[in-house]
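See below for the structure under consideration.
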Amino acid sequence: MDAVAIERDFMEWVAGKLGLSADEGIYRGGVPAGAEGGGVGVLFGAELPSPGFYGFRPRRWNAQILAKFDDRDDALAMQARLAGLFPCAGFTSGETRFLAIEPRGSSEPYLADDCGRERTFLSFNVTLTVLTTGGQESD
């Protein structure tokens, strides 16, 4: 499995939990600039060192769920929804077996420019641990 496939499977899982559709409210990578009504982006960051055991090699990534909204209250509601999703562990999405997803750091809404329009952004960071060999079957 490569990072692109894992990021896609993670985005699909988040989309399902938030009731959003891929490329219509939630995006792999950042939210397109100027997207009407805002949206949610799922982005992978750095891969973290992860030791193997018994022939399995879990892999770990920093990931970010970045959302932007016209209304600050919507950002606060999303912050609460995301906080309710994590931590979580032991599930399959697509072809990826997620061993654990843990929140990392704090999540704060902030104001920023989006194509000449001020919007409220929310950055929610997590660490993903996935199994990449030997155990990809669904539960």
Side-chain angles (χ1 to χ4, degrees):
M1 299 221 55
D2 62 17
V4 171
I6 295 166
E7 183 186 59
R8 186 176 298 114
D9 288 345
F10 180 55
M11 186 270 305
E12 291 287 347
W13 181 82
V14 173
K17 294 295 184 184
L18 298 178
L20 300 172
S21 298
D23 300 324
E24 294 178 25
I26 190 166
Y27 308 88
R28 191 174 64 83
V31 179
E36 196 59 39
V40 177
V42 175
L43 305 91
F44 264 32
E47 185 168 1
L48 305 169
S50 180
F53 59 93
Y54 301 116
F56 296 102
R57 182 173 177 261
R59 293 176 71 186
R60 298 175 64 223
W61 279 272
N62 285 328
Q64 178 185 38
I65 301 169
L66 179 65
K68 57 184 171 180
F69 302 93
D70 293 329
D71 185 293
R72 183 176 176 275
D73 291 348
D74 292 338
L76 292 172
M78 179 63 72
Q79 182 180 24
R81 290 179 75 189
L82 292 172
L85 291 179
F86 308 108
C88 61
F91 66 92
T92 298
S93 176
E95 298 296 317
T96 304
R97 178 71 180 152
F98 289 87
L99 299 179
I101 303 175
E102 301 170 278
R104 183 176 50 82
S106 62
S107 165
E108 306 287 336
Y110 60 94
L111 292 174
D113 180 76
D114 182 39
C115 296
R117 198 161 133 193
E118 189 171 76
R119 287 196 161 161
T120 302
F121 285 70
L122 174 70
S123 175
F124 196 95
N125 299 301
V126 296
T127 300
L128 306 171
T129 303
V130 303
L131 190 58
T132 58
T133 61
Q136 298 294 353
E137 300 81 33
S138 297
D139 291 334

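Remark: side-chain polar atoms of S93 are paired, donor with acceptor, to backbone N or O of D9 under 3.5 angstrom. Here the side chain of D2 pairs a donor or acceptor atom with the backbone of A5 at under 3.5 angstrom. Of the possible polar contacts, one joining the Q79 side chain to the S107 backbone as a donor-acceptor pair under 3.5 Å is found. Side chain of R8 to backbone of R28: no donor-acceptor contact under 3.5 angstrom is found.
Under the 4.5 Å side-chain contact rule for hydrophobic residues, I101 and V40 share a cluster. Each of M11 and L66 belongs to its own hydrophobic cluster when Ile, Leu, Val, Met, Phe, Trp and Tyr are linked at side-chain heavy-atom distances under 4.5 angstrom. Put simply, L20 and V42 are part of the same group of oily side chains (I, L, V, M, F, W, Y) that touch within less than 4.5 Å, one to the next. Linking ILVMFWY side-chain heavy atoms closer than 4.5 Å, directly or via other members, places L85 and M78 in a single hydrophobic cluster. Residue F121 is not grouped with residue V126 when hydrophobic side chains (ILVMFWY) are merged at heavy-atom distances under 4.5 angstrom, including chains of intermediate members.
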For the pair F124 and V14, evaluate side-chain contact (heavy atoms from CB on, under 4.5 Å) and give the outcome as yes or no after the intermediate values.
CA-CA 12 Å; F124 196 95; V14 173; over 6 Å; no
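P49 and R60 get closest at one heavy-atom pair: O-NH1, 3.6 Å. For P109 against T120, the heavy-atom pair with the smallest separation is CB-CG2, 3.9 Å. What you find for F69 and R119 is that their closest heavy atoms are O-CB, 3.3 Å. Closest of all the heavy-atom pairs between G41 and V31 is N-CG2, 3.4 Å. Scanning both residues, R104 and T127, for their nearest heavy atoms gives CD-OG1, 3.5 Å. Considering all non-hydrogen atoms of both residues, A89 and L99 come closest at CB-O, 3.1 Å.
One distance of note links CG of L82 with NZ of K17; it measures 12.5 Å at 0.5 Å rounding. With values rounded to the nearest 0.5 angstrom, T96 atom OG1 is found 10.5 Å from R59 atom CZ. Considering CD of E47 and CD1 of I6, their distance stands at 8.0 Å, rounded to 0.5 Å. Between the NZ atom in K68 and the CG atom in L122 there is a gap of 13.0 Å [rounded to 0.5 Å]. Note that CG of L43 is 10.5 Å distant from CZ of F10, once rounded to the nearest 0.5 Å.
Residues N62 and N125 form no side-chain contact, since every pair of their non-hydrogen atoms from C-beta on lies 4.5 Å or further apart.
Between W13 and F91, the ring planes are parallel. Angles under 30° get that label, and only those over 60° would be called perpendicular. Aromatic ring orientation, W61 versus F44: tilted (interplanar angle from 30° to 60°).
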